[in-house]
Student: 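Here you go, one structure.
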Amino acid sequence: MKYKAQRGTQDVLPSTAYRWQNLERTFSELVHQYGYQEIRTPIFEDTDLFIRSSGETSDIVSKQMYSFLDKGERSITLKPEGTAPAMRAVIENSLCPPGTVQRLYYITPIFRYERPQKGRYRQAHQVGLELIGSASSTADAEVIEITVRFYEALGIKNVQVLLNTLGRSECRAKYRDAILEYAQPYLKDQPEEVRAKAEKNPLRLLDSKDPEVQEALKGCPPVTDYLEDESKRRFDELQALLTEAKVAYVISPDIVRGLDYYTETVFEVQSTSIGAQSALCGGGRYDDLIQELGGASTPSVGVAMGIERALMVQEAEGIEIDEPKPDVFVVSAGPSTARATRELVTTLRNNGYATLLDIDARSMKSQLKQADKSGARYAAILGDDELANGTVTLRDMGSSEQRSVPLSEIVSVLKK
RNA sequence: GCGGAUGUAGCUCAGGGGUUAGAGCGCCUGACUGUGGCUCAGGAGGUCGUGGGUUCAAGACCCAUCUUCCGCCCCA
């Protein structure tokens with residue numbers, strides 16, 4: 001009987017795991033520089049949390065949610081994203097009392113019930129951060145800046161920051177009506193299903209890739225025409241801050257984001273190095289979310305970045321990450337030196353050297369071969385001759401140079 | 001959720017009804033009695049994705065199902 005993983009999940013093998021480790025380390029080191037602290041939340045959440053947190057588009061979102069009934073007939077959802085659960089935790093644990101600011105980050109699996117394909121899995125992983133409790137555009141700029149620095153630190157080149165604003169909920173409502181009206185000539189000939197979807201969230205018409213829809217909405221006034229002065233002012237402020245921080249961006253009116261909790265700033269980072277699944281991350285401001293989930297009104301901004309997507313781009317752009325290699329491979333002559341070999345291995349490990357040895361009593365030739373394959377920097381050969389005069393032969397696997405070293409001095413020689 | 005492909009050795013792939021299913025790379029052993037990469041020789045390794053069906057005979061043909069990939073959709 002063969003046991004396979006759940007459809008739409010991937011095993012992370014040793015040949016790629018070090019890339020994940022590199023990414024997670026890069027991320028946590030970066031966000032620590034900005035004072036963010038890690039938060040861990042469960043992968044199961046109440047379905048209601050996501051229905052409420054996703055607002056008007058809940059039917060679209062719930063179609064993608066990985067939901068099921070547990071043994072107590074409760075509707076459980078595997079978390080499809082990190083923000084709502086993090087906000088639930090913030091509310092339940094009073095992590096951000098009114099008047100304070102909280103910086104949190106997470107690294108977590110997410111689950112969405114969609115048709116898997118390259119770059120899209122039912123279980124994927126995200127790193128994300130949330131800056132909670134501030135309405136200032138400086139907060140937005142900080143989050144976007146960290147995002148860009150993250151991709152820089154990973155060595156990723158062909159990225160573009162797409163920036164837009166949705167305004168506050170009041171002016172957004174006006175804008176929705178405007179789009180709907182503008183699209184009427186096209187919509188009235190469409191099937192009921194299309195019209196219902198459009199009425200549910202007219203903004204989504206804007207990022208449609210359907211040429212017919214694009215044609216119908218050509219010349220539609222941009223959201224900036226409907227922004228209140230306050231929203232306009234903070235959007236200008238944000239742009240000035242990004243320019244000051246030397247963060248390149250492109251204003252993209254068609255970035256509206258699928259989750260309806262966003263207000264004011266929204267942004268995505270896209271790559272031109274991969275295929276259809278080109279979005280690397282998504283983020284924005286969600287000033288009303290915490291209140292909608294039952295907390296005090298707390299303006300916040302955040303971003304979530306897909307780990308698989310970032311690794312895909314790294315690979316597509318040919319970015320090499322150094323694979324961890326052992327320092328020394330200890331070669332033994334056979335049973336007569338086995339005990340001394342184990343002692344040498346222990347000494348090396350205790351002194352901080354990653355050390356390998358042969359465990360199948362294979363020939364010396366085979367052991368050197370294993371040493372070569374392992375990528376070890378040195379082979380330390382301990383045979384009968386060496387044992388007799390208390391030395392070890394240290395072979396540099398790169399240059400093939402060998403020298404005889406007294407057993408007691410091996411560590412100090414390696415240090416050089 | 002829709003459309004089109006795909007699945008044979010660890011990897012990349014050939015075989016398109018007829019004995020015991022192949023190649024290259026990789027792996028193991030030896031030539032080389034204590035020394036990796038090169039060469040040569042030998043060897044191990046396969047429920048031909050899974051389940052049904054057609055046939056004297058199925059890896060091959062038919063049906064179903066699953067996987068992966070490419071679009072759509074959606075987004076991470």
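Each chain gets a letter, A, B and so on, in the order the sequences are listed, and its residues count up from 1. Remember, it's a predicted structure, so these values are computed and weren't measured experimentally.
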Student: Check every atom of B:G37, B:C74, B:A76 against the side chain of A:Q64 and return the nucleotide holding the closest atom.
Tutor: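 Closest nucleotide among those given: B:C74.
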
Student: Reckon A:A371 touches a base, only the sugar-phosphate, or nothing at all at heavy-atom distances under 4.0 Å?
Tutor: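 Nothing, no heavy atom under 4.0 Å.
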
Student: What residues, two or more places apart in sequence or in another chain, satisfy ring pair (Phe, Tyr, Trp, His ring centres under 6.0 Å) together with A:Y105?
Tutor: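 Partners of A:Y105 by the ring pair (Phe, Tyr, Trp, His ring centres under 6.0 Å) criterion, ordered by chain and then number, come out as A:F27, A:H32.
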
Student: Are there any protein N/O atoms within less than 3.5 Å of an N/O atom in nucleotides 28-33 of chain B, and if so, which ones and at what distance?
Tutor:
unit_1	atom_1	unit_2	atom_2	d
B:C28	O3'	A:R362	NH1	3.2

Student: Under 4.0 Å between any heavy atoms, over every strand shown, what does A:Q126 touch: base, sugar-phosphate, or nothing? Just pick one.
Tutor: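 Counting heavy atoms under 4.0 Å across all strands, the contact made by A:Q126 is with sugar-phosphate only.
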
Student: For A:E114 and B:U68, what is the distance between atoms CD and P respectively, to the nearest whole Å?
Tutor: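 For the pair A:E114 CD and B:U68 P, the rounded distance is 14 Å.
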
Student: Provide, to the nearest angstrom, the distance between the CD atom belonging to A:E268 and the C1' atom belonging to B:C74.
Tutor: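 My rounded result for the distance is 11 Å.
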
Student: Would you list the protein and nucleotides 2-4 of chain B atom pairs, both N or O, that sit under 3.5 Å from each other?
Tutor:
unit_1	atom_1	unit_2	atom_2	d
B:C2	N4	A:R115	NH1	3.2

Student: Sequence neighbours left out, what passes side chain to side chain contact (heavy atoms under 4.5 Å, CB included) with A:N93? Give chain and number order.
Tutor: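 Counting only residues at least two positions away or on another chain, A:N93 forms a side chain to side chain contact (heavy atoms under 4.5 Å, CB included) with A:A89, A:L95.
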
Student: Hunt down the Watson-Crick or G-U wobble partner of B:A58, both distances under 3.5 Å, from any strand shown, or write none.
Tutor: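 Because no pair has both required distances under 3.5 Å, B:A58 counts as unpaired.
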
Student: For a quick check, tell me whether the side chain of A:Q402 and the base of B:U35 share a donor-acceptor pair closer than 3.5 Å.
Tutor: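 Checked by distance alone, the answer is yes.
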
Student: In whole Å, measure the gap between the C1' atoms of B:G71 and B:A14 for me.
Tutor: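 Their C1' atoms lie roughly 28 Å apart.
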
Student: With rounding to the closest Å, how many angstrom separate the C1' atoms on B:C48 and B:A23?
Tutor: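 It comes out at 16 Å once rounded to the nearest Å.
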
Student: Check RNA chain B against residues 409-416 of chain A and give the residues with a non-hydrogen atom under 4.0 Å, in numerical order.
Tutor: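 Contacting residues: none.
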
Student: Any luck finding a side-chain donor-acceptor pair between A:T108 and A:K79 under 3.5 Å?
Tutor: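 Yes, A:K79 and A:T108 have a side-chain donor paired with an acceptor closer than 3.5 Å.
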
Student: Taking for each residue the nucleotide of RNA chain B with the nearest heavy atom, is it A:M364 or A:G119 whose nucleotide lies nearer the 5' end?
Tutor: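 First, find each residue's nearest nucleotide; the 5'-ward one identifies A:M364.
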
Student: Provide the distance between the two C1' atoms, one in B:U29 and one in B:A44, to the nearest whole Å.
Tutor: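 Comparing C1' positions in B:U29 and B:A44 gives a spacing of 10 Å.
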
Student: For A:I110, answer base if it contacts any base atom (sugar-phosphate contacts may also be present), sugar-phosphate if it contacts only those atoms, and nothing otherwise; contact means non-hydrogen atoms under 4.0 Å.
Tutor: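 Here A:I110 touches no strand at all.
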
Student: Applying the Watson-Crick and G-U wobble criteria at under 3.5 Å, what pairs with B:U65? Answer none if nothing qualifies.
Tutor: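 Partner of B:U65: B:G49.
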
Student: Are A:R285 and A:D140 ion-paired here, with the side-chain N under 4.0 Å from a carboxylate O?
Tutor: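 Salt bridge flag = yes for A:D140 with A:R285.
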
Student: If I take atom CG in residue A:L387 and atom C1' in nucleotide B:G34, what distance separates them, rounded to the nearest angstrom?
Tutor: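 It is 14 Å, rounded to the nearest whole Å.
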
Student: Are any of the side-chain nitrogens in A:R103 or A:E142 under 4.0 Å away from the carboxylate oxygens of its partner?
Tutor: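 Looking at A:R103 and A:E142, the cut-off is met.
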
Student: May I have the distance from A:F329 (atom CZ) to B:U35 (atom C1'), rounded to whole angstrom?
Tutor: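 Whole-Å distance recorded here is 13 Å.
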
Student: Can you tell me how far P in B:G3 sits from the matching atom in B:U8, rounded to whole Å?
Tutor: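 After rounding to an integer number of Å, I get 25 Å for this pair.
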
Student: For the residue pair A:V148 and A:V247, what are the closest heavy atoms and their distance?
Tutor: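 Where A:V148 meets A:V247 most closely, the heavy atoms are CG2-CG1, 3.7 Å.
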
Student: How should the glycosidic conformation of B:G16 be described, syn or anti, under the criterion that syn lies within 90° of 0?
Tutor: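 Syn conformation here, the glycosidic angle of B:G16 being no more than 90° from 0.
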
Student: Can you measure A:Y113 atom OH to B:G1 atom C1' for me and round it to whole angstrom units?
Tutor: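 It works out to 11 Å between those atoms.
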
Student: For A:Y113, what residues pass the ring pair (Phe, Tyr, Trp, His ring centres under 6.0 Å) criterion, not counting sequence neighbours?
Tutor: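 With sequence neighbours excluded, A:Y113 shows a ring pair (Phe, Tyr, Trp, His ring centres under 6.0 Å) to A:Y66, given in chain and number order.
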
Student: Applying a 4.0 Å non-hydrogen cut-off, can you work out what A:M397 is touching in the nucleic acid: base, sugar-phosphate, or nothing?
Tutor: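 Base contact.
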
Student: Pick the C1' atom in B:G15 and in B:G59, then give their distance to the nearest Å.
Tutor: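 It comes out at 9 Å once rounded to the nearest Å.
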
Student: Under a 3.5 Å limit for both distances, which nucleotide forms a Watson-Crick or G-U wobble pair with B:A23, could you say?
Tutor: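 Its partner is B:U12 (Watson-Crick or G-U wobble, both distances under 3.5 Å).
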
Student: Among B:A76, B:U35, B:G37, which nucleotide has an atom closest to any side-chain atom of A:D372?
Tutor: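 The answer is B:G37, which lies nearest to the side chain.
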
Student: Taking only residues two or more places apart in sequence or in another chain, which ones pass salt bridge (charged side-chain N to carboxylate O under 4.0 Å, His left out) with A:E92?
Tutor: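 Only A:R88 meet the salt bridge (charged side-chain N to carboxylate O under 4.0 Å, His left out) criterion with A:E92.
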
Student: Determine whether any donor atom in the side chain of A:T393 lies under 3.5 Å from an acceptor atom in the base of B:G34, or the reverse, and answer yes or no.
Tutor: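 No such pair is found, so the answer is no.
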
Student: Can we say A:E237 and A:R234 salt-bridge, meaning some charged N sits less than 4.0 Å from an Asp/Glu carboxylate O?
Tutor: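 Looking at A:R234 together with A:E237, the answer is no, because their closest N to O distance does not fall below 4.0 Å.
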
Student: Please state how far atom NZ in A:K79 lies from atom C1' in B:A76, giving the value in whole angstrom units.
Tutor: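 The answer, rounded to whole Å, is 14 Å.
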
Student: Write down the distance separating the P atoms in B:C62 and B:G7, rounded off to the nearest Å.
Tutor: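 One P to the other, the span is 14 Å.
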
Student: Restricting to pairs with a member in residues 350-359 of chain A, which pass side-chain hydrogen bond (donor to acceptor under 3.5 Å, both in side chains), not counting sequence neighbours?
Tutor: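 Pairs touching residues 350-359 of chain A that pass the test: A:D358-A:Q370.
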
Student: From CG of A:L13 over to P of B:C11, roughly how many Å is that when rounded to an integer?
Tutor: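 That distance rounds to 11 Å.
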
Student: Taking only residues two or more places apart in sequence, or in another chain, which ones meet A:D177 in a side chain to side chain donor-acceptor pair (under 3.5 Å)?
Tutor: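 Expected list: none.
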
Student: Let me have the donor-acceptor pairs involving side chains of residues 123-133 of chain A, under 3.5 Å, with sequence neighbours excluded, atom names and distances please.
Tutor:
unit_1	atom_1	unit_2	atom_2	d
A:Q123	NE2	A:H125	NE2	3.4
A:H125	ND1	A:E308	OE2	2.8
A:E130	OE1	A:Y286	OH	2.5
A:E130	OE2	A:T83	OG1	2.9
A:E130	OE2	A:Y106	OH	3.4

Student: Distance alone, cut at 3.5 Å: any donor-acceptor contact between the side chains of A:N164 and A:S252?
Tutor: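 Side chains of A:N164 and A:S252: no pair found under 3.5 Å.
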
Student: Sticking with atom P, work out how far B:G4 lies from B:A41, rounded to a whole angstrom.
Tutor: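 Each nucleotide's P atom is 49 Å from the other's.
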
Student: Just the rounded figure in Å: distance from C1' of B:U35 to CD of A:E401.
Tutor: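 My rounded result for the distance is 15 Å.
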
Student: What does A:E386 touch in the nucleic acid at a heavy-atom separation under 4.0 angstrom: a base, only the sugar-phosphate, or nothing?
Tutor: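 Base, at least one base heavy atom under 4.0 Å.
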
Student: Paired with B:U6 by Watson-Crick or G-U wobble geometry, both distances under 3.5 Å: which nucleotide is it?
Tutor: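 Answer to the pairing question: none, since B:U6 forms no Watson-Crick or G-U pair.
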
Student: For nucleotides B:G51 and B:G10, find the distance between their C1' atoms and express it as a whole number of Å.
Tutor: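 Between the two C1' atoms, the distance is 27 Å.
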
Student: Excluding sequence neighbours, so at least two apart, what forms ring pair (Phe, Tyr, Trp, His ring centres under 6.0 Å) with A:Y175?
Tutor: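 So A:Y175 forms a ring pair (Phe, Tyr, Trp, His ring centres under 6.0 Å) with A:Y226.
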
Student: B:G34 base to A:Q367 side chain: any donor-acceptor pair below 3.5 Å?
Tutor: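 Looking at the base of B:G34, it does not pair with any donor or acceptor on the side chain of A:Q367 (distance under 3.5 Å).
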
Student: Among residues at least two apart in sequence or on other chains, which ones pass salt bridge (charged side-chain N to carboxylate O under 4.0 Å, His left out) with A:E38?
Tutor: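 Salt bridge (charged side-chain N to carboxylate O under 4.0 Å, His left out) list for A:E38, sorted by chain: A:R40.
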
Student: Using a heavy-atom cut-off of under 4.0 Å over every strand shown, decide if A:G334 touches base, sugar-phosphate, or nothing.
Tutor: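 No contact.
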
